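Heads up, the thing below is written out as structure tokens.
Along the sequence shown, residues carry numbers from 1. Computed from a predicted model, the values in this text were never measured in an experiment.
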Amino acid sequence: MYPNDAEVYYGIGQVYYDHLKDNEKALDYIAKAYTIYTTQKSPYRSDAEAIIGYVYKKMKDEGKTDKFKEILKKNNIQFD
């Protein structure tokens with residue numbers, strides 16, 4: 001309903017991360033929020049960056065770094 005509202009994506013990502021423990025879906029939603037925050041030059045970008053970092057650590061520990069990179073690429077976020 002609100003495709004340019006980063007808070008919607010961020011909130012859904014938080015639910016997947018904190019409550020449902022689904023790192024892949026959490027990352028996808030948080031990445032969408034991150035992109036919008038970046039475009040809007042919002043200070044909340046750093047909050048999204050932090051969650052992306054937490055998800056990266058978890059996915060790395062699970063051996064899913066390729067999937068992590070794939071999700072970021074799908075959201076036009078470069079990861080080196």
Fill in: Side chain Asn75, main chain Ile77, donor-acceptor under 3.5 Å
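Not at all, since once roles are kept as given, no pair shorter than 3.5 Å links the two residues.
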Practice prompt. Report yes or no: does Lys21 contribute a side-chain atom to a donor-acceptor pair with the main-chain N or O of Asp18 at less than 3.5 Å?
Written response: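 Yes, Lys21 side chain to Asp18 backbone: donor-acceptor pair under 3.5 Å.
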For a 4.5 angstrom cut-off between non-hydrogen side-chain atoms, does [X] reach [Y]?
| X | Y | answer |
| --- | --- | --- |
| Lys57 | Asp61 | yes |
| Tyr10 | Tyr44 | no |
| Met59 | Glu24 | yes |

Discussion item. Once ring pair (Phe, Tyr, Trp, His ring centres under 6.0 Å) is applied, do any residues pair with Tyr17, and if so which ones, sequence neighbours excluded?
Written reply: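 Ring pair (Phe, Tyr, Trp, His ring centres under 6.0 Å) check on Tyr17 returns nothing, list empty.
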Fill in: Non-neighbouring partners of Phe79 that pass ring pair (Phe, Tyr, Trp, His ring centres under 6.0 Å), sequence neighbours left out
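If we apply the ring pair (Phe, Tyr, Trp, His ring centres under 6.0 Å) test to Phe79, skipping adjacent residues, the hits are Tyr56, Phe68.
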Worksheet item: More than 12 heavy atoms of other residues, nucleotides or ligands under 6.0 Å from NZ of Lys69: is that the case?
Response: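 Incorrect, the count does not exceed 12.
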Can you measure from [atom1] ([X]) to [atom2] ([Y]) and round to the nearest 0.5 angstrom?
| X | Y | atom1 | atom2 | value |
| --- | --- | --- | --- | --- |
| Thr65 | Glu70 | OG1 | CD | 11.5 Å |
| Lys32 | Asn76 | NZ | CG | 9.5 Å |
| Ile51 | Ser46 | CD1 | OG | 10.5 Å |
| Arg45 | Thr39 | CZ | OG1 | 10.0 Å |

Kindly give the heavy-atom pair with the smallest separation between [X] and [Y], and that separation in Å.
| X | Y | result |
| --- | --- | --- |
| Leu27 | Val55 | CB-CG1, 3.9 Å |
| Ala33 | Ala6 | CB-O, 3.5 Å |
| Gly13 | Ala26 | O-CB, 3.5 Å |
| Leu72 | Ala31 | CD2-CB, 4.2 Å |

Are [X] and [Y] joined in one hydrophobic group, where the rule is that I, L, V, M, F, W and Y side chains link up if heavy atoms are under 4.5 Å apart?
| X | Y | value |
| --- | --- | --- |
| Tyr34 | Ile12 | no |
| Ile36 | Tyr29 | yes |
| Val15 | Tyr9 | yes |
| Tyr37 | Ile71 | yes |
| Tyr16 | Val8 | yes |

Practice prompt. Would you sort out whether Asn23 and Lys64 count as a side chain to side chain contact (heavy atoms under 4.5 Å, CB included), showing the intermediate values?
Written response: CA-CA 10 Å; Asn23 292 320; Lys64 295 183 177 181; over 6 Å; no
Fill in: Listed partners of Lys25 passing side chain to side chain donor-acceptor pair (under 3.5 Å), at least two apart
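So Lys25 forms no side chain to side chain donor-acceptor pair (under 3.5 Å) with any residue.
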